[in-house]
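The structure appears right after this line, and notes come after that.
By convention here, the first residue in the shown sequence is residue 1. Computed from heavy atoms alone, side chains included, the values below leave out hydrogens, waters and symmetry copies.
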Amino acid sequence: MVNLIVCGVCGKMGRRIATLALQSDQFKLIGATEKNPDCIGKDVGTVLGIAPINVKVSEKLSDCIDQGDCVIDFTNCKATLENVRCACENKKSIVIGTTGCDAESIEQIKKLSVMCPVVMAPNMSLGVNILFEIVKETAKYLGSDFDVEIVEMHHRAKKDAPSGTALKLGQKVAEGLGISFEQNARFSRVGEAPRAKNEIGIMALRGGDVVGEHTVIFAGDAERIEITHKASSRDVFAKGALKAASWVVGKLPGFYDMNDVLGIKSK
């Protein structure tokens, strides 16, 4: 039984993670945090629309960290950094699903992970993490004769664009081709914009209530390969986060990703 704390429990992902944790016999939800003042102090069960569970929503992770084994954080980058510091200072495990963090913030998280085990991934679904490896291998075998475009679509309220998953897909394509992602990524085309050699195009679409869709297009002469992943429910991400939480408890301090959790050995 893992004593779990969910950060951002009033958000869309936080609600699903907390709900699924309460339905599981592997977790005991002992704490939750939220920055929304309308949620702070309320019983988590009331927030989730179920019977009270005698766990109050806290404003800060430090208010409930003592009894926890693992923290799951799907908040924002600033809050995530604070929560990682708190978890590591208290020698607790933490799973991070927050996206939109810049390179400097990720580097800070990696440095903190010398004190506690941290799992961080732009997408925690099983299908997407397998997709990362498929895309890398496809790029490797097709080579630079095929043009690569990545198209992602999410709901209208998503804050970061392109998605962390789309960026990771681009990085995997670059790994497969043996090139630099940073030097070859292209995020928009306006006016005259012919493709450059080894260009990796990324397009972000926003609208409606789309949970998450990602397509990687390998376009060659007279043929095209399209590899698509569609998520129809946030539960795929919540279940992945809970799987990561179950896995990471008891691990040595370090910076892990979903490949470690799923036992995927990248070639």
Any side-chain heavy atom of Leu126 sitting closer than 4.5 Å to one from Val236?
-> no
Between the OG1 atom in Thr98 and the NZ atom in Lys78, the distance rounded to the nearest 0.5 Å is 14.5 Å
Indicate if Ile30 and Val44 have the same hydrophobic cluster label, given that clusters are the connected sets of ILVMFWY residues with side-chain heavy-atom separations under 4.5 angstrom.
-> no
Full working for side chain to side chain contact (heavy atoms under 4.5 Å, CB included) between Lys140 and Leu177 = CA-CA 5 Å; Lys140 176 182 175 181; Leu177 293 174; over 6 Å; no
What's the shortest heavy-atom distance between Ala21 and Leu4, and which atoms?
-> CB-CD2, 3.7 Å
Taking the side chain as every heavy atom from C-beta outward, state whether Thr80 and Asn76 have any atom pair closer than 4.5 Å.
-> no
Distance-only, no hydrogens or angles: does the Glu107 side chain make a donor-acceptor pair with backbone N or O of Glu104 under 3.5 Å?
-> no
Indicate yes or no: at least one non-hydrogen side-chain atom of Cys70 is less than 4.5 angstrom from one of Val248.
-> yes
Is any side-chain heavy atom of Arg234 less than 4.5 Å from a side-chain heavy atom of Lys12?
-> yes
Would a hydrophobic clustering, with Ile, Leu, Val, Met, Phe, Trp and Tyr connected at side-chain separations under 4.5 Å, put Leu169 with Leu205?
-> no
Is Lys42 reaching over with its side chain to a backbone N or O of Asp38, donor-acceptor style, under 3.5 angstrom?
-> yes
Can you tell me if His214 and Ser163 form a side-chain donor-acceptor pair at under 3.5 Å?
-> yes
Any side-chain heavy-atom pair from Lys136 and Thr138 closer than 4.5 angstrom?
-> no
Could you tell me the separation between the OG1 atom of Thr19 and the CD1 atom of Ile50, rounded to the nearest 0.5 Å?
-> 6.0 Å
Check: Ser113 side chain, Cys116 main-chain N or O, donor-acceptor pair, under 3.5 Å | no
Backbone of Asp260 reached by a side-chain donor or acceptor of Asp257 within 3.5 Å | yes
Are side-chain heavy atoms of Phe218 and Ile227 found at a separation under 4.5 Å?
-> yes
Can you check whether Met120 reaches Ile106 side chain to side chain, under 4.5 Å on heavy atoms?
-> yes
Shortest non-hydrogen contact between Phe237 and Met124, atoms and distance = O-CB, 3.9 Å
Do Lys168's NZ or CZ and the ring of Phe132 fall within the cation-pi criteria of under 6.0 Å and 45°?
-> yes
Kindly compute the distance separating CG (Asp209) from NE2 (His154), expressed to the nearest 0.5 Å.
-> 12.5 Å
Return the minimal non-hydrogen interatomic distance between Phe27 and Leu242, and the atom names on each side.
-> CZ-O, 3.2 Å
More than 12 heavy atoms of other residues, nucleotides or ligands under 6.0 Å from NZ of Lys239: is that the case?
-> no
Steps toward side chain to side chain contact (heavy atoms under 4.5 Å, CB included) verdict (Phe255, Ile109) = CA-CA 8 Å; Phe255 189 80; Ile109 293 171; 3.9 Å; yes
Please check if the side chain of Asp43 supplies one atom and the backbone of Asn54 the other of a donor-acceptor pair under 3.5 Å.
-> yes
Mind checking whether Asp73 and Val95 have side chains closer than 4.5 Å, heavy atoms only?
-> no
Looking only at heavy atoms, which two atoms of Pro194 and Arg186 are closest? And how far apart?
-> O-NH1, 3.3 Å
Residues, nucleotides or ligands: over 12 heavy atoms within 6.0 Å of Met115 CE = yes
Roughly how far apart are Asp66 CG and Lys92 NZ, rounded to 0.5 Å?
-> 6.5 Å
Should Ser58 and Thr33 be marked as a side-chain hydrogen bond (donor to acceptor under 3.5 Å, both in side chains) after you check the CA-CA gap, both sets of side-chain angles, and the distance that decides it?
-> CA-CA 5 Å; Ser58 302; Thr33 71; over 6 Å; no
Any chance you could lay out the side chain to side chain contact (heavy atoms under 4.5 Å, CB included) test for Leu48 and Leu22, step after step, and finish with the verdict?
-> CA-CA 11 Å; Leu48 299 178; Leu22 288 170; 3.7 Å; yes
Basic-acidic side-chain contact under 4.0 Å: Arg224, Glu226 | yes
Group every Ile, Leu, Val, Met, Phe, Trp and Tyr by side-chain heavy-atom contacts under 4.5 Å, then state whether Ile179 and Phe146 land in the same group.
-> yes
Asn3 side chain to Gly68 backbone, donor-acceptor under 3.5 Å = no
To the nearest 0.5 Å, how far apart are CD1 in Ile94 and SG in Cys88?
-> 7.0 Å
Nearest-0.5 Å distance, CG of residue Asn83 to NZ of residue Lys60 | 12.0 Å
Return yes when atom NZ of Lys28 has more than 12 non-hydrogen atoms of other residues, nucleotides or ligands closer than 6.0 Å, and no otherwise.
-> no
Greater than 12 external heavy atoms within 6.0 Å of Arg195's CZ | yes
Of all heavy-atom pairs between Gln108 and Leu81, which one has the smallest distance, and what is that distance?
-> CB-CD2, 3.9 Å
Salt-bridge criterion met for Glu149 and Arg189 (N-O under 4.0 Å) = yes
Ion pair present between Glu152 and Arg206, side-chain N to carboxylate O less than 4.0 angstrom?
-> yes
Shortest non-hydrogen contact from Leu61 to Cys7?
-> CD1-SG, 4.2 Å
For Asp102 and Ser105, test the side chains for any donor-to-acceptor distance below 3.5 angstrom and give the result as yes or no.
-> yes
Do Ile53 and Val2 share a hydrophobic cluster, counting only Ile, Leu, Val, Met, Phe, Trp and Tyr and linking them when any side-chain heavy atoms are less than 4.5 Å apart?
-> yes
Is Lys243 close enough and on-axis enough to Trp247, meaning under 6.0 Å and within 45°, for cation-pi?
-> no
Linked, directly or transitively: Phe74 and Ile5 (ILVMFWY side chains, under 4.5 Å) | no
Salt bridge between Lys35 and Glu59, side-chain N to carboxylate O under 4.0 Å?
-> no
Test side chain to side chain contact (heavy atoms under 4.5 Å, CB included) on Glu34 and Cys10 and set out the steps.
-> CA-CA 6 Å; Glu34 179 58 52; Cys10 292; 3.2 Å; yes
